[in-house]
There are 2 protein chains.
Amino acid sequence: MSPSHERRPPVMADVATKAGVSHQTVSRVLNDHPNVRAETRARVLAAIHELGYRRNMVARALVTRHTRTLGVVSFDTTLYGPASTVYGIEQAARSAGYFVSMVSLKTIDTAGVRDALGYLAEQGVDGIVVVAPQRSAAPALADVPTDIPVVAVEGGHSGDVSVVSVDQVHGARLATRHLLDLGHETVWHIGGPPDWLEVEGRIEGWRDVLVAAGRPIPEPLPGDWSPRSGYQAGLRLAAVPGVTAVFVANDQMALGALRAFAERGVRVPEQISIVGFDDIPESEFFTPPLTTVRQDFGAVGRWSIELLLRQMEAGAEWSHERHVVPPRFVARASTAPVHP
Amino acid sequence: MSPSHERRPPVMADVATKAGVSHQTVSRVLNDHPNVRAETRARVLAAIHELGYRRNMVARALVTRHTRTLGVVSFDTTLYGPASTVYGIEQAARSAGYFVSMVSLKTIDTAGVRDALGYLAEQGVDGIVVVAPQRSAAPALADVPTDIPVVAVEGGHSGDVSVVSVDQVHGARLATRHLLDLGHETVWHIGGPPDWLEVEGRIEGWRDVLVAAGRPIPEPLPGDWSPRSGYQAGLRLAAVPGVTAVFVANDQMALGALRAFAERGVRVPEQISIVGFDDIPESEFFTPPLTTVRQDFGAVGRWSIELLLRQMEAGAEWSHERHVVPPRFVARASTAPVHP
DNA sequence: GCACAGACTGTGAGCGCTAACAACACCTCG
DNA sequence: CGAGGTGTTGTTAGCGCTCACAGTCTGTGC
């Protein structure tokens with residue numbers, strides 16, 4: 001009831017009074033303005049400490065017109081890839097002095113992305129990173145509020161935004177070529193969910209190599225990134241005679257396939273060679289340790305912030321940039337020369 | 001140069017002018033105030049649409065004194081547990097109409113947590129969830145700014161904050177008892193990093209059951225959650241004669257141990273039984289599929305928001321609450337009766 | 001001794017919004 | 001028919017901060 005009871009946190013004016021200066025001088029101390037006498041600064045600092053004063057960034061943002069907050073829109077941050085990317089983004093943002101406001105979408109559709117961007121814009125974020133690897137996210141990026149910089153991660157080539165991505169095609173080529181080099185006649189493929197751009201890139205690279213080598217191109221098996229879908233595809237593959245090499249679109253599905261083969265008594269790599277994609281921390285300890293293609297998600301996160309900050313500095317006269325992070329082939333024990 | 005060139009986004013006053021009303025009426029429309037004539041509302045809405053107006057939430061927050069943003073402090077969101085928890089938090093927060101501002105710490109020390117809390121407080125978040133499973137995080141929670149509600153996930157009993165956690169002790173008991181029930185003389189343990197509260201809980205539960213059954217208590221082997229550390233511990237265990245059952249503090253280390261045993265020619269579960277903890281999506285497809293204890297991270301996330309919101313509503317006269325999420329034992333193929 | 005630069009500090013306005021109150025129209029009812 | 005609601009709108013005053021500008025107080029050079 002009594003207003004004295006619910007005492008409000010101290011504001012700049014309180015500090016000023018206590019230190020015997022004007023609120024403006026307090027502001028100068030807080031913003032490291034050069035023209036403040038050392039003795040005055042000390043007095044202000046003491047008052048701040050004594051009162052437990054904390055600057056109200058909301059009021060500051062209202063006048064400076066920037067919040068030092070970046071928005072991140074992502075999809076299922078439970079998956080290792082997005083989680084690592086977002087982690088990289090967050091670290092890079094914070095070391096550049098920015099906060100991160102997260103929106104994780106349950107499903108990626110144009111409306112969802114559009115809404116998320118709208119919310120973030122209302123919040124006044126200074127820039128946005130969209131980790132939206134699905135094709136259907138692209139249209140939403142097209143009509144983003146023009147006054148706020150956006151970087152897409154693994155996004156489409158939707159003209160108007162900067163993009164950071166891993167060279168999926170190249171990664172798939174490395175995997176496929178490795179298998180052909182081991183003497184396999186052809187390579188089967190377990191793919192990811194259809195709408196994903198990465199999935200298309202991996203199929204493209206895989207197909208390229210087979211075509212160039214004049215090998216038969218088996219129909220890719222469908223998957224959804226989950227170990228279970230890899231397991232089911234593996235079961236089907238185990239029943240197909242003559243399969244000796246499989247390129248799987250991610251490590252988790254590769255794990256499922258490994259399990260399926262183990263159950264069917266198909267020995268890896270003696271009878272079938274498997275290559276995954278991602279190089280999750282577990283892959284090295286699969287049975288057998290998985291040969292795979294590493295994506296440097298941390299680098300993707302860092303680069304997305306790098307491009308975003310550049311774009312924020314440049315302002316309007318900014319030409320959109322594209323950065324490609326190279327994948328790296330990691331040979332382990334799940335592949336072997338074809339046994340005659 | 002010309003100020004007309006860089007046109008500012010429209011503000012409430014622009015909408016008001018266009019609709020021929022006062023800015024206050026626009027505000028009323030935006031806030032769903034009942035007392036606005038339908039015809040007026042329509043005119044305002046039209047003006048908003050036409051101008052592409054978006055409310056400035058920063059200005060709004062300055063006067064309402066809340067931002068509709070929740071802060072989340074977490075540790076290494078690359079790990080499955082924290083990632084899933086944070087995901088659950090984010091979803092629950094958003095469906096309650098809140099944004100989430102993330103801070104992921106690289107290392108958890110008191111200073112780091114304190115800083116993170118300070119930053120978030122400056123940002124004006126309405127509440128904070130701290131996913132800080134280490135003992136060293138507790139002191140920082142003690143001196144959190146008193147005016148802002150905080151919920152700790154897997155945190156210590158640091159008196160002053162609400163806590164959501166999984167019953168680690170119970171989970172460990174389930175795992176250990178299962179192994180004893182299968183006829184194993186005793187159960188070895190590969191533990192997590194020392195500072196973690198969960199680690200202590202799991203050791204406690206494991207030891208309890210062994211003590212109650214009057215079994216010998218082997219020295220726990222150290223680990224750091226990584227598959228590699230599990231692998232190394234597994235290698236050491238494979239060299240110890242008479243080991244028939246191991247309870248591993250998480251699934252990733254269990255994977256490493258599985259790998260170590262495979263390399264040493266120790267068959268699982270025929271010669272050694274293994275139980276993990278967490279039930280990550282991969283566990284079901286390990287070789288062999290891992291018997292483990294499931295933690296419902298999604299529920300943890302949802303509950304933490306639930307408690308936080310309650311606390312925010314209650315305000316000062318709030319007594320701190322504790323919610324415990326039960327773990328669930330999941331039997332699979334990595335355990336078997338001891339072979340005589 | 002006075003003009004003048006330079007260092008330091010204070011004053012006023014305003015960012016875009018909401019809350020509180022005032023004002024007005026229109027109705028109802030004794 | 002005037003007192004008193006009730007619905008609808010406008011006016012004013014901040015929220016806590018920074019920016020632009022105006023002082024004040026030195027010290028320096030001629």
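Just so you know, these numbers come straight off a predicted model, no measurement behind them. Residue numbers start from 1 in every chain, and the chains themselves are labelled A, B, ... in the order their sequence lines are given, proteins ahead of strands.
At least one side-chain heavy atom of B/R65 sits less than 4.5 Å from a side-chain heavy atom of A/R8. Contact annotation: the side chain of A/L30 approaches that of A/Y53 to within less than 4.5 Å [non-hydrogen atoms, C-beta and beyond]. Residues A/E90 and B/V103 have side chains in contact (heavy-atom distance under 4.5 Å, counting atoms from C-beta outward).
Between A/Y53 and D/dC17 there is a side-chain polar atom (N or O) within less than 4.0 angstrom of OP1 or OP2. The shortest distance between the side-chain N/O atoms of A/T25 and the OP1/OP2 oxygens of C/dG10 is below 4.0 Å. In terms of phosphate contacts, A/S27 brings no side-chain nitrogen or oxygen within less than 4.0 Å of OP1 or OP2 of D/dC17. For D/dT18, one of the phosphate oxygens OP1 or OP2 lies less than 4.0 angstrom from a side-chain nitrogen or oxygen of A/N31. Residue B/R60 places no side-chain N or O under 4.0 Å from the OP1 or OP2 atom of D/dC15. When the side-chain nitrogen and oxygen atoms of A/T64 are compared with OP1 and OP2 of D/dC19, none of them lie within a distance under 4.0 Å.
Rounded to an integer number of Å, the gap from B/R8 CZ to C/dC15 P is 8 Å. D/dC21 atom P lies 17 Å from atom CG of A/N35, rounded to whole Å. Distance CD (A/E39) to P (C/dA7): 19 Å, rounded to an integer number of Å. The distance from atom CZ of B/R54 to atom P of C/dG16 is 16 Å, rounded to the nearest whole Å. At whole-Å resolution of the value, NE2 in A/H33 and C1' in C/dT9 are 12 Å apart. B/M12 has its CE atom 18 Å from the P atom of D/dT12, to the nearest Å. The distance between atom CG of B/D32 and atom P of C/dT18, rounded to the nearest whole Å, is 12 Å. The distance from atom NE2 of A/H66 to atom C1' of D/dC17 is 13 Å, rounded to the nearest whole Å.
Counting any heavy atom pair closer than 4.0 Å across all strands shown, A/N56 reaches sugar-phosphate atoms only and no base atom. Among the heavy atoms of the strands lying under 4.0 Å from B/S22 is at least one base atom, whether or not backbone atoms are also near. Among the heavy atoms of the strands lying under 4.0 Å from B/V36 are primed sugar atoms or P, OP1, OP2 only; no base atom is included.
In this model, a side-chain donor or acceptor of B/R28 finds a partner on the base of D/dG10 within 3.5 Å.
The residue among A/R37 and A/H23 whose nearest nucleotide of DNA chain C lies closer to the 5′ end is A/R37. Toward the 5′ end of DNA chain C lies the nearest nucleotide of A/Q24, the other residue of the pair B/L30 and A/Q24 mapping further downstream. Each of A/R55 and B/V21 lies near DNA chain D, and the nucleotide nearest B/V21 is the one positioned closer to the 5' end.
At most 12 heavy atoms of other shown residues, nucleotides or ligands fall within 6.0 angstrom of atom CZ in A/R135.
Closest to the side chain of A/V63, from the set C/dG16, D/dG16, C/dT9, is D/dG16.
In this pair, A/H323 and A/W303 present their aromatic rings parallel. The plane angle is below 30°, not in the 30 to 60° band.
Under 3.5 Å, the side chains of B/S101 and B/Q123 contain no donor-acceptor pair of N or O atoms.
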